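Notes follow the structure.
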Amino acid sequence: MPRTRPSLALLLLALLCSAAAAAEPTTMNESDASTRRLEWFRKDKFGMFIHWGVYAVPAGQWKGEDHPWIGEWIMKWKKIPVGEYEQVARQFNPEKFDAGAIAQLAHDAGMKYLVITSKHHDGFAMWPSKASPFNIADATPFKRDPLKELQVACAGRGLKYGFYYSQAQDWHEPEAAGNDWDFQPPTKERNATPYLNRKVMPQVHELLENYGPLDLIWFDTPTLLTKDQVLELERVVREKQPNTLINSRLGHGLGDYRQMGDNMTPTDVYAETAWEIPATLNDTWGYKTKDHNWKSPEFLVYRLVDVVSKGGNYLLNIGPRADGTVPEESAERLRAVGRWIKTNGESIYGTTHSPFTVAGHDWRCTQKPGTLYIHLLRWPAGGKFELPGLRNKVTSAFLLADPTHTPLETIVGAGKLTIKLPGDVADPYDSVLVLKIEGDADVDPPLRWDAPQKTIDLAARDCSPHGQWVRYSEFDSSVGGFTETNDKMLWHLLAKQAGKFNVEIEYARTGGDGEATFRYSAFDHNLDVSLPDTGGQYKWMIVGTIELPETGLDQTRLSPLDRNPPGRIRVRGLRLTKSPETP
């Protein structure tokens, strides 16, 4: 019998099915694509952030007055008119900018990637943008492109490279968020579409098309933008540069990895997703002449180790001066961190989070297959380190700083591993003890990273202090300077089980009449507490009970309820302990 021809409808159906089958491998699951984009990010761990722009000219001062807040926000807080700020741009002439020196500093610090502000909230473009004349080529005497120079310098030193871009907040534009002193209506009533079409989309296209492959786009403050607008931004990045990472501050739950709050790290291991903490070397991001509250190299090493042990990346900021130079205080500290990394980088790069909870420990742990790196942030007393809960057989132990890897004696017994240490401290910041083990790390359930915790420690050194005079002191590991009701200590509280928790505060108060009343808040629950005079001595005080109604990561805070609380008050931290009455 003769063959019958297939109908036109069947041919079309076959073609559609064939096209769909062919398209399936190329339109991979977005989760898989994100995992591939994140491969370098998960390994590299440590990056340099650069906040640099017109705000480096006033450097924290305006018309003879000191600006108490972060330097790059001076236009906002001083309500500088757009016209006046444009005159400041004419003074921005960074002739001493040396991209090679900055890239080398990042390399010397042990950093593996670099992110620079291409446009911050003041709306100034740090490249010759055709989308807006408010840019470094048209609005300043400086006619070079520092973004291109820095990209070339980073490539020559093997550094990944990316741009920060403020997509919604732009104080130079009437339809964008933020400037309510020059423009009406108020931010919350504005339609951002004209601004997005006129400036944001063209500038994002410029950044994606004119600088070759980018490793990262770091968006910020997506306020005012709808989900559809944010999705369009994401689409442009994915279309132009599909291998470029996007952070979660793109908005509306999008992005490849979670951006933690500024200077804020979770209270314990957080392995739900890749994440990063952006952090400062002092109190500001953009350069401020009078900000000398520099973090010590010891603190910076601690924070790097703490972040990596919890599963994150550390993006540490510098703020160059208006002439393009980097403050020597910044460079000195980064080089000190780099010297520690030169010896101990094996315990940072390419590692994964600790198999142990960090609660109550003065050590941290990172790991690779078959190897645990125990970071001794405080040299153990008595010449021995005791590690409870490890079930694996330890085949060898040695200090990473020891070039000969001299074996250390290990003793197993009473449910713990004991390692005898040499008499000398291996490193003043963090001595790394290496344990070679058989198999993957196996830890007793109560001590595992994902175990429901009985206690949650909120140390002052791990908070992000906010306020005109609120500062962390490394001298006694405390935060003080509370004067306003919006002053606060912020943490990322990681709750691994719901229920009632007893709250304790370690603080010192001296002088002043009347009650000093503070509020502790977590998961939209509040606990108001009174802090009596302690005679200036630090004491732990049980202040009440708070309900954690769910698990997960939440921003938690401690702040005064009244202006100028009486006496001098300094807080070392809080502790949440599971209430016995909670199952």
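Here the structure is a predicted model, which is why all the values come from computation and not from measurement. One-based numbering along the sequence shown.
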Please determine whether a side-chain nitrogen of the Lys or Arg among Asp283 and Arg471 lies less than 4.0 Å from a carboxylate oxygen of the Asp or Glu.
yes
I want to check something: taking the side chain as every heavy atom from C-beta on, are Asn179 and His172 in contact at a cut-off of under 4.5 Å?
no
Side chains of Thr485 and Ser559 in contact at under 4.5 Å (non-hydrogen atoms):
no
Please work out whether the ring planes of Phe134 and Phe124 are parallel, tilted or perpendicular, with thresholds of 30° and 60°.
perpendicular
On the ring face of Tyr349, is Lys112 found with NZ or CZ under 6.0 Å from the centre and within 45° of the axis?
yes
Yes or no on side-chain contact (heavy atoms from CB on, under 4.5 Å) for Ser34 and Arg36, after CA distance, side-chain angles and deciding distance?
CA-CA 5 Å; Ser34 184; Arg36 287 217 290 269; over 6 Å; no
Is there a side-chain contact between Val236 and His205, using heavy atoms and a 4.5 Å cut-off?
yes
Between Thr280 and Asn317, a side-chain donor and acceptor under 3.5 Å:
no
Salt bridge between Asp66 and Lys290, side-chain N to carboxylate O under 4.0 Å?
yes
For Phe49 together with His51, are the ring centres under 6.0 Å from each other?
yes
Lys130 atom NZ, over 12 foreign heavy atoms within 6.0 Å:
no
Could you tell me whether the side chains of Thr366 and His375 share a donor-acceptor contact shorter than 3.5 Å?
yes
Whether the side chain of Arg333 engages the backbone of Leu281 through a donor-acceptor N/O pair (distance < 3.5 Å, no angle test) should be reported.
no
Test item: side-chain donor near acceptor, Gln229 and Thr193, under 3.5 Å:
yes
Donor-acceptor side-chain pairing of Arg190 and Tyr195 below 3.5 angstrom
no
Side chains of Ser248 and Gln259: donor-acceptor distance under 3.5 Å anywhere?
no
Around Lys143, counting heavy atoms of other residues, nucleotides and ligands shown, do more than 12 lie under 6.0 Å from its NZ?
yes
Looking at residues at least two apart in the chain, or sitting in another chain, which of them share a ring pair (Phe, Tyr, Trp, His ring centres under 6.0 Å) with Phe183?
none
Under 3.5 Å, side chain of Ser166 to main-chain N/O of Gln169, donor-acceptor pair present?
yes
Go through the structure and list residues passing side-chain contact (heavy atoms from CB on, under 4.5 Å) with Ala274, not counting sequence neighbours.
Leu38, Phe41, Arg42, Tyr257
Is any side-chain N of the basic residue among Arg198 and Asp170 closer than 4.0 Å to the acidic one's carboxylate O?
no
Taking C-beta and beyond as the side chain, do Asp98 and Glu149 meet within less than 4.5 Å on heavy atoms?
no
Heavy-atom distance under 4.5 Å between the side chains of Asn247 and Asp256, does that happen here?
no
Quiz: residues 334-341 side-chain donor-acceptor pairs under 3.5 angstrom, not counting sequence neighbours:
from: Arg335; atom 1: NH1; to: Glu328; atom 2: OE2; distance (Å): 3.3
from: Trp340; atom 1: NE1; to: Asp430; atom 2: O; distance (Å): 2.9

Under 6.0 Å between ring centres, would you say that holds for Trp52 and Trp285?
no
Any chance you could measure Lys79, atom NZ, to Asp180, atom CG, to the nearest 0.5 Å?
7.5 Å
Hey, are Thr351 and Gln367 close enough side-chain-wise for a donor-acceptor pair under 3.5 Å?
no
Give a yes or no on whether the ring-centroid distance for His121 and Trp171 is below 6.0 angstrom.
yes
Distance (rounded to the nearest 0.5 Å) between Leu147 CG and Glu206 CD
11.0 Å
Is any side-chain heavy atom of Pro320 closer than 4.5 Å to a side-chain heavy atom of Tyr287?
no
Residues in side-chain contact (heavy atoms from CB on, under 4.5 Å) contact with Glu65, at least two apart in sequence or another chain
Lys78
Please name the pair of heavy atoms, one in Val326 and one in Arg321, separated by the smallest distance, quoted to 0.1 Å.
O-NH1, 3.6 Å
Is it the case that over 12 heavy atoms from other parts of the model lie below 6.0 angstrom from the CZ atom of Arg378?
no
Near-ring test Tyr211/Phe163, centroid separation under 6.0 angstrom
yes
For Tyr164 and Trp218, take the angle between the two ring planes, folded into 0 to 90°, and tell me which bin it lands in: parallel under 30, tilted 30 to 60, perpendicular over 60.
parallel
Is any NZ, NE, NH1 or NH2 atom of the basic residue among Glu276 and Lys45 found under 4.0 Å from an Asp or Glu carboxylate oxygen of the other?
no
Enumerate the ring pair (Phe, Tyr, Trp, His ring centres under 6.0 Å) contacts for residues 307-338, please, sequence neighbours excluded, ordered by first and then second residue.
Phe46-Tyr314
Donor-acceptor side-chain pairing of Gln468 and Trp69 below 3.5 angstrom:
no
Nearest heavy-atom neighbours spanning Leu159 and Ala103
CD1-O, 3.6 Å
Would you say that more than 12 heavy atoms from the other residues, nucleotides or ligands in this model lie under 6.0 Å from the NE2 of His67, or not?
yes
Donor-acceptor under 3.5 Å (Trp73 side chain, Gly286 main chain):
no
Identify, with sequence neighbours excluded, every residue that meets side-chain contact (heavy atoms from CB on, under 4.5 Å) alongside Asn282.
Thr284, Asp291, Trp294
Is a side-chain N or O of Lys368 found less than 3.5 angstrom from the main chain of Glu346, in a donor-acceptor match?
yes
Would Phe482 and Trp469 count as a ring-ring contact (aromatic ring centres under 6.0 Å, His included) if you check the C-alpha gap in whole Å, the side-chain angles of each, and the deciding distance to 0.1 Å?
CA-CA 7 Å; Phe482 303 100; Trp469 309 112; over 10 Å; no
Do side-chain atoms of Glu173 reach the backbone of Gly123 as a donor and acceptor pair under 3.5 angstrom?
no
Please check: side-chain N/O of Asn210 versus main-chain N/O of Leu207, any donor-acceptor pairing under 3.5 Å?
no
Polar side chain donor-acceptor pair, Asp228 to Thr226, under 3.5 angstrom:
no
Atom pair CE/CG of Met48 and Leu150 - distance to nearest 0.5 Å
9.0 Å
Tested for side-chain contact (heavy atoms from CB on, under 4.5 Å) against Lys310, the lone hit among Asp268, Leu494, Val358 is Val358
Sidechain-backbone polar pair: Asn243 side chain, Asp215 backbone, donor-acceptor under 3.5 Å:
no
Evaluate the side-chain proximity of Tyr270 to Trp275: yes if any heavy-atom separation is below 4.5 Å, no if none is.
yes
Side chain proximity check, Asn344 to Asp427, heavy atoms < 4.5 angstrom:
yes
Between Thr140 and Arg90, is the side-chain contact (heavy atoms from CB on, under 4.5 Å) condition met? List the steps.
CA-CA 5 Å; Thr140 82; Arg90 294 185 180 183; over 6 Å; no
